[in-house]
Amino acid sequence: MDDVFKALADPSRRALLDQLFDKDGQTLRALESQLPMTRFGVMKHLKVLEEAGLIVTRRQGREKLHYLNAVPIRLLHDRWVNKFTAPWVAALSDLKQNLEGRTMQKVFEIYIKTTPQRLWQALTDTEMRRKYTFGAVVTSDWTPSSRYQGVGGGTPIFEGENLEIDPPRRLVQSFRALWGEDVKSEGTSRVTWEIVPIGDSCLLKVTHDQLREGANNQLYGGWPMILSGIKTLLETGELLTTPGSQRWVPATPSPQSQIGCSNST
């Protein structure tokens with residue numbers, strides 16, 4: 001987390017993050033044109049941001065595109081801000097980013113101290129997934145072309161198809177949100193989970209793409225919290241309890257109601 005604080009301390013680096021916040025997936029040339037510094041200076045700042053995990057890069061032909069990664073900001077917020085100002089939690093997960101073209105993609109990365117097998121289990125085990133997917137119950141037989149569904153409060157809230165399954169390395173799924181009419185109208189997008197072992201840890205990459213330009217940010221705004229929840233679960237065995245993290249968990253009966261029930265039997 002020290003790297004994140006160091007990266008954010010420089011105003012030029014914050015300006016680069018602001019540019020990616022406004023328009024994600026930019027090339028070095030595009031970023032350079034908006035700052036009063038040399039190409040070499042921009043490259044140095046981008047390297048610091050990438051090493052801190054605040055941006056991730058993807059190759060597209062001969063160009064390298066830069067994306068804002070909200071996960072470290074989410075972790076920093078949960079550690080240093082949330083305990084003092086809980087009502088602000090949801091604000092940082094609603095980062096709006098626009099990719100050139102008719103569709104856009106969102107890229108998120110997080111390092112987790114675990115094994116690829118254990119991380120794959122967390123993605124496909126119903127009980128484990130419930131603990132970080134807002135309490136939703138996700139079921140599937142996890143075979144190629146099979147369906148999966150997430151249910152919250154007894155109502156389907158998302159669904160899709162398992163397009164590609166390669167345990168414990170890669171899972172590609174179509175995704176359709178069902179929890180409200182505003183997100184249902186967005187149609188189907190795609191989510192790719194990639195697990196890369198690094199030493200005694202794993203890098204988990206999540207790419208949410210095939211989103212229409214300007215798509216409802218409810219579709220992707222929750223990813224930082226989901227990835228933070230996976231990390232918390234696998235590294236500590238505990239649940240992430242920031243506001244909204246257990247949205248679909250059934251309400252626990254109060255002690256008075258439980259006493260009433262026991263007295264009535």
Decide yes or no on salt bridge (Lys or Arg N to Asp or Glu O under 4.0 Å) for Lys47 and Glu50, but give the supporting numbers first. CA-CA 5 Å; Lys47 182 179 179 181; Glu50 188 169 4; over 6 Å; no
List the steps, then state whether side-chain contact (heavy atoms from CB on, under 4.5 Å) holds for Trp120 with Ile165. CA-CA 11 Å; Trp120 182 265; Ile165 297 183; 3.7 Å; yes
Test side-chain contact (heavy atoms from CB on, under 4.5 Å) applied to Arg39 and Leu28, step by step: CA-CA 8 Å; Arg39 182 182 184 89; Leu28 172 61; 3.4 Å; yes
Criterion side-chain contact (heavy atoms from CB on, under 4.5 Å) on Leu8 and Leu17, from CA distance to verdict: CA-CA 9 Å; Leu8 293 175; Leu17 293 177; 3.5 Å; yes
Please assess Arg29 against Glu32 for the test salt bridge (Lys or Arg N to Asp or Glu O under 4.0 Å), listing each intermediate value before the final yes or no. CA-CA 5 Å; Arg29 183 185 300 275; Glu32 175 192 359; 6.0 Å; no
After noting the C-alpha distance and the side-chain angles of Arg176 and Glu159, does the key distance pass the salt bridge (Lys or Arg N to Asp or Glu O under 4.0 Å) rule? CA-CA 5 Å; Arg176 181 167 181 260; Glu159 64 181 8; 3.3 Å; yes
Under the side-chain contact (heavy atoms from CB on, under 4.5 Å) rule, what do Gln210 and Phe175 come out as? Steps first, then yes or no, please. CA-CA 10 Å; Gln210 297 184 358; Phe175 176 82; over 6 Å; no
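Atom CD of Gln34 is surrounded by more than 12 heavy atoms from other residues, nucleotides or ligands within 6.0 Å. Within 6.0 Å of atom CE in Met43, 12 or fewer heavy atoms from other residues, nucleotides or ligands are found, so the atom counts as exposed in its surroundings. No more than 12 heavy atoms of other residues, nucleotides or ligands lie within 6.0 Å of CZ in Arg169, so this atom counts as exposed by the packing criterion.
There is a side-chain donor-acceptor pair under 3.5 Å between Asp141 and Thr143.
Of all heavy-atom pairs spanning Ser12 and His45, the tightest one is CB-NE2, 3.7 Å. Looking at every heavy atom in both residues, Leu20 comes nearest to Gly25 through CD2-N, 4.4 Å. Of all the heavy atoms in Leu211 and Ala215, the pair that sits closest is CB-CB, 4.2 Å. Between Lys6 and Arg13, the shortest heavy-atom contact is O-NH2, 3.2 Å. Heavy atoms only, all atoms of each residue included: Cys202 and Ile195 are closest at SG-CG2, 4.0 Å. In this structure, Arg62 and Arg59 approach most closely via the heavy-atom pair O-NH1, 3.5 Å.
When side chains are defined from C-beta on, Asn69 does not count as touching Leu54, because their heavy atoms never get closer than 4.5 Å. Residues Asp200 and Lys113 form a side-chain contact, since some pair of their non-hydrogen atoms from C-beta on lies under 4.5 Å apart. Side-chain contact between Ile157 and Phe134 is absent, with no heavy atoms from C-beta onward closer than 4.5 Å. Counting heavy atoms from C-beta outward, Leu240 and Tyr132 have side chains that stay 4.5 Å or more apart. Inter-residue side-chain proximity for Ser201 and Leu203 is flagged as unmet; no heavy-atom pair is nearer than 4.5 Å. Taking 4.5 Å as the limit, some side-chain heavy atom of Val138 sits within range of a side-chain heavy atom of Phe158. Side chains of His66 and Gln26 form no contact here, defined as non-hydrogen atoms less than 4.5 Å apart. Counting heavy atoms from C-beta outward, Arg118 and Met128 have side chains that approach closer than 4.5 Å.
Using a 4.5 Å cut-off between side-chain heavy atoms of Ile, Leu, Val, Met, Phe, Trp and Tyr, with links allowed through other members, Ile226 and Val183 fall into the same hydrophobic cluster. Hydrophobic clustering (side-chain heavy atoms under 4.5 Å, transitive across Ile, Leu, Val, Met, Phe, Trp, Tyr) groups Val4 together with Leu16. The cluster map of Ile, Leu, Val, Met, Phe, Trp and Tyr, joined by side-chain heavy atoms under 4.5 Å apart, puts Ile112 and Val196 in different clusters.
Without hydrogens or angle criteria, Arg129 side chain to Leu123 main chain gives a donor-acceptor distance under 3.5 Å. Distance alone, capped at 3.5 Å, places no donor-acceptor pair between the Tyr220 side chain and the Asp209 backbone. Listed for the Arg190 side chain is no donor-acceptor partner under 3.5 Å among the backbone atoms of His208.
Atom CG in Leu227 sits 5.0 Å away from atom CD1 in Ile110 (nearest 0.5 Å). Atom CD1 of residue Ile55 and atom CG of residue Leu31 lie 8.0 Å apart, to the nearest 0.5 angstrom. We find the CD-OG distance between Glu161 and Ser140 to be 10.0 Å, quoted to the nearest 0.5 Å. Taken to the nearest 0.5 Å, the CD atom of Glu186 stands 5.5 Å off from the CG atom of Asn216. The distance from atom OG1 of Thr207 to atom CZ of Phe108, rounded to the nearest 0.5 Å, is 9.5 Å. With values rounded to the nearest 0.5 angstrom, Leu49 atom CG is found 6.0 Å from Leu46 atom CG.
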